[in-house]
S.K.: 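Quick one: the structure is below, and I'll ask about it shortly.
These values consider heavy atoms only, across backbone and side chains, with no hydrogens, waters or symmetry-generated copies.
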Amino acid sequence: MTVHVELRRGAYHDSVSLMQVSRSVAGAPGVQAAQVAMATELNVDVLRQMGFEVPTDAGPNDMVVAVRADDEAGVESGLAAVEDALRALSASSSDTGAADEVPPATLGSAIRRAGAGLAVVSVPGAHAVTETYDAIAAGASVMLFSDNVSVEDEVALKDAAAAADVLVMGPDCGTALVGGVALGFANVVRQGPVGLVAASGTGAQQAMCLLEAAEVGVSHCLGVGGRDLKAAVGGRSTRQALRALADDASTEWVLVVSKPPDDAVLETVRAEAADLGLRVHWATLGAGRPDLTAAVEQALAAEGVTVPTWPATTATPEDAGLTVGAALRGLFCGGTLAEESLLVATETLGPIASNLGHEPALGADLTGTGHVVVDFGADELTRGRAHPMIDPTLRMERIAAEAADPTCGVLLLDLVLGHGAHPDPAGELADAVRAARDTAHADGRALPVVLSLTGTDADPQGRSRCAEALAAAGASVFLSNAAATRHAVSLLGGAR
């Protein structure tokens with residue numbers, strides 16, 4: 001094994017770009033592990049956890065290139081991949097203005113120079129607040145992709161935005177679609193009459209993909225951040241977004257999508273929405289409320305649209321004579337999908353341990369011998385790491401671990417396609433599914449794998465193409481996350 005670590009002083013690229021570079025390098029011949037990142041405190045911690053020795057004088061303005069390979073040839077292969085990926089970044093971001101034009105020094109000055117009405121902020125949470133204030137002061141709405149922003153800062157930002165008559169989408173706003181332009185993680189859907197207001201990223205994607213399957217298009221999807229309908233935030237951006245859609249000529253009706261909201265906040269927002277003269281339907285998760293699929297079905301029926309049969313492929317693997325364990329293990333990249341599955345499965349299975357803020361709560365190792373649901377996109381798991389929809393390494397490792405655990409009865413997974421997500425996720429996941437089932441079979445156990453696949457055939461990855469690859473590996477594949485969960489529960493072999 002050969003390890004190479006170098007600092008490149010003053011060589012800056014944004015974190016999302018370097019995540020993609022890291023993935024390219026990790027796939028080079030002979031490379032065991034690779035990370036290319038700015039030497040922020042969080043990134044340095046991640047590099048050291050990966051076993052790389054980072055020079056003590058590394059600073060946040062330095063880029064770290066770290067490669068662990070089989071041998072010197074593997075290191076050379078990895079470094080060549082670094083150069084190729086960075087060259088591609090430089091080519092795609094080259095200045096198209098005048099050669100002597102001085103670039104803007106701040107986000108606010110860039111907004112004023114361009115006359116932009118919308119800015120995307122994607123920097124570490126500690127710096128995101130300052131950048132968002134700068135954009136608001138320049139008169140722009142903000143999609144605040146960054147997470148790890150305090151709730152106090154969120155409230156203050158949204159109050160400042162309301163005073164400036166602009167909208168803050170976020171923090172931790174992963175998905176938006178504005179005038180047909182996708183921001184963050186978003187699927188390719190047709191334009192149409194439905195406006196979405198979403199206190200949820202993957203929940204919004206699930207709803208948009210269900211609407212697409214029903215041949216109903218979307219005018220805009222305005223993300224508001226997963227905490228917006230909680231008591232501390234009070235629905236500030238949800239109310240603004242509803243007013244904006246009420247004034248939008250292309251929007252005929254609205255679907256509000258949310259993780260479990262605060263009941264009092266939801267009732268207040270419902271009352272305000274009723275006064276807008278806009279048809280509003282509600283897909284707000286929670287005990288006693290419809291799941292996302294049922295809520296979309298109710299909205300379609302109310303609007304006179306025929307509810308289709310949602311795409312599903314149920315695998316019939318040859319597991320005859322093999323035992324099936326009693327525990328459900330849900331391993332999710334999408335937080336809202338994890339939350340929905342937890343709610344749906346709890347109706348049958350009873351208490352399920354998770355890292356979703358409910359009891360029983362998982363410990364730091366996120367493992368348990370009973371039913372478990374893990375959200376690998378949770379804030380504490382994405383500090384200094386790419387979101388698992390970009391880099392699924394942690395979940396891949398966990399899939400292999402669950403396959404070797406005799407208490408694991410059924411694996412329940414999600415896969416979310418679209419802009420911003422992994423460019424070819426189905427192949428990697430299919431290999432992991434096949435390997436997991438082989439591991440269980442070698443131990444005399446069956447391991448059913450059930451997967452919710454959120455996407456459309458127009459997405460860059462292609463939903464049908466991904467579904468075929470996953471089904472060939474032995475997974476049952478559903479467009480509806482709720483249907484996938486119910487099917488997974490039905491496959492458990494032990495006592496509930």
S.K.: Using modelled atom types and a 3.5 Å cut-off, is there a donor and acceptor pairing between side-chain atoms of Gln298 and backbone atoms of Ala283?
M.R.: no

S.K.: Has the side chain of Thr2 got a donor or acceptor atom that lies under 3.5 Å from a matching backbone atom of Ala69?
M.R.: no

S.K.: Checking side-chain polar atoms at under 3.5 Å, does Asp70 have a donor or acceptor matched by the opposite partner on Gln32?
M.R.: yes

S.K.: So does Cys333 get a backbone contact from the side chain of Asp414, meaning a donor-acceptor N/O pair under 3.5 Å?
M.R.: yes

S.K.: Are Arg437 and Val449 side-chain neighbours, meaning at least one heavy-atom pair lies under 4.5 Å?
M.R.: yes

S.K.: Kindly confirm or rule out a cation-pi arrangement of Arg68 over Phe52, judged by NZ or CZ under 6.0 Å from the six-membered ring centre and within 45° of its axis?
M.R.: yes

S.K.: Is a side-chain donor or acceptor of Ser476 paired with a backbone partner of Ala315 at a separation under 3.5 angstrom?
M.R.: yes

S.K.: What I want to check is whether the side chains of Asn481 and Thr293 have a donor and an acceptor closer together than 3.5 Å.
M.R.: no

S.K.: Hydrogens and angles aside, do Ser258 and Thr284 bring a side-chain donor and acceptor to less than 3.5 Å of each other?
M.R.: no

S.K.: Contact between Trp282 and Leu266 at the side-chain level, heavy atoms closer than 4.5 Å - yes or no?
M.R.: yes

S.K.: So, for Phe185 and His387, is the gap between ring centers shorter than 6.0 Å?
M.R.: yes

S.K.: Under a 3.5 Å cutoff, is there a donor and acceptor pairing between the side chains of Gln205 and Thr454?
M.R.: no

S.K.: If you apply the rule side-chain contact (heavy atoms from CB on, under 4.5 Å), what do you find for Val155 with Asp153, and how did you get there?
M.R.: CA-CA 5 Å; Val155 169; Asp153 282 329; over 6 Å; no

S.K.: Could you walk me through whether Arg289 and Asp263 pass the salt bridge (Lys or Arg N to Asp or Glu O under 4.0 Å) check?
M.R.: CA-CA 12 Å; Arg289 298 194 185 102; Asp263 289 341; 2.6 Å; yes

S.K.: Using a cut-off of 6.0 Å, state whether more than 12 heavy atoms not belonging to Glu53 lie near its atom CD.
M.R.: no

S.K.: Heavy atoms, side chains only, cut-off 4.5 Å: are Val65 and Val5 in contact?
M.R.: no

S.K.: Any salt bridge between Glu428 and Arg23, counting N to O under 4.0 Å?
M.R.: yes

S.K.: Can you tell me how far CG of Asn148 sits from NE2 of His127, rounded to the nearest 0.5 angstrom?
M.R.: 11.5 Å

S.K.: Measure from the side-chain N and O atoms of Asp443 to the backbone N and O of Arg445, and report whether any donor-acceptor pair falls under 3.5 Å.
M.R.: no

S.K.: Going by salt bridge (charged side-chain N to carboxylate O under 4.0 Å, His left out), name the residues that satisfy it together with Asp291, two or more places apart in sequence or in a different chain.
M.R.: Arg486

S.K.: Looking only at atom types and distance, does a side-chain atom of Arg236 sit under 3.5 Å from a main-chain N or O of Glu154, one as donor and one as acceptor?
M.R.: no

S.K.: Does either side chain, that of Ser464 or that of Asp457, offer a donor lying less than 3.5 Å from an acceptor on the other one?
M.R.: yes

S.K.: Does the side chain of Gln461 come within less than 4.5 Å of Cys466's, by heavy atoms?
M.R.: yes

S.K.: For Phe145, is there any backbone N or O sitting under 3.5 Å from a side-chain donor or acceptor partner on Ser122?
M.R.: no

S.K.: Are His419 and Asp459 packed together at the side-chain level, in the sense that at least one heavy-atom pair is separated by less than 4.5 angstrom?
M.R.: no

S.K.: Is the closest side-chain heavy-atom distance between Asp375 and Leu337 below 4.5 Å?
M.R.: no

S.K.: Grab the two heavy atoms, one from Leu144 and one from Ala128, that are nearest each other, plus how far apart they are.
M.R.: CD1-CB, 3.8 Å

S.K.: Which pairs with one or both residues in residues 350-363 pass side chain to side chain donor-acceptor pair (under 3.5 Å), sequence neighbours excluded?
M.R.: Glu339-His358

S.K.: Could you tell me whether Arg329 and Asp405 have a side-chain N and a carboxylate O separated by less than 4.0 Å?
M.R.: yes

S.K.: Check for a donor-acceptor pair, side chain of Asp228 on one end and backbone N or O of Thr238 on the other, with a separation under 3.5 Å.
M.R.: yes

S.K.: Are side-chain heavy atoms of Val254 and Val197 found at a separation under 4.5 Å?
M.R.: yes

S.K.: Which one of Leu245, Leu177, Thr175, Leu211 satisfies the side-chain contact (heavy atoms from CB on, under 4.5 Å) criterion with Leu196?
M.R.: Leu211

S.K.: Would you please say whether a donor-acceptor pair under 3.5 Å links the side chains of Thr268 and Arg239?
M.R.: no

S.K.: Which residue in the set Val344, Leu342, Leu343 passes side-chain contact (heavy atoms from CB on, under 4.5 Å) when paired with Thr346?
M.R.: Leu342

S.K.: Just how far is it from atom SG of Cys209 to atom CG of Leu292, taken to the nearest 0.5 Å?
M.R.: 12.0 Å

S.K.: Taking side chain as C-beta onward, heavy atoms only, is Asn43 less than 4.5 Å from Val64?
M.R.: no

S.K.: Checking salt bridge (Lys or Arg N to Asp or Glu O under 4.0 Å) for the pair Arg279/Glu303: CA distance, chi angles, key distance, verdict?
M.R.: CA-CA 9 Å; Arg279 301 195 304 278; Glu303 294 294 331; 2.9 Å; yes

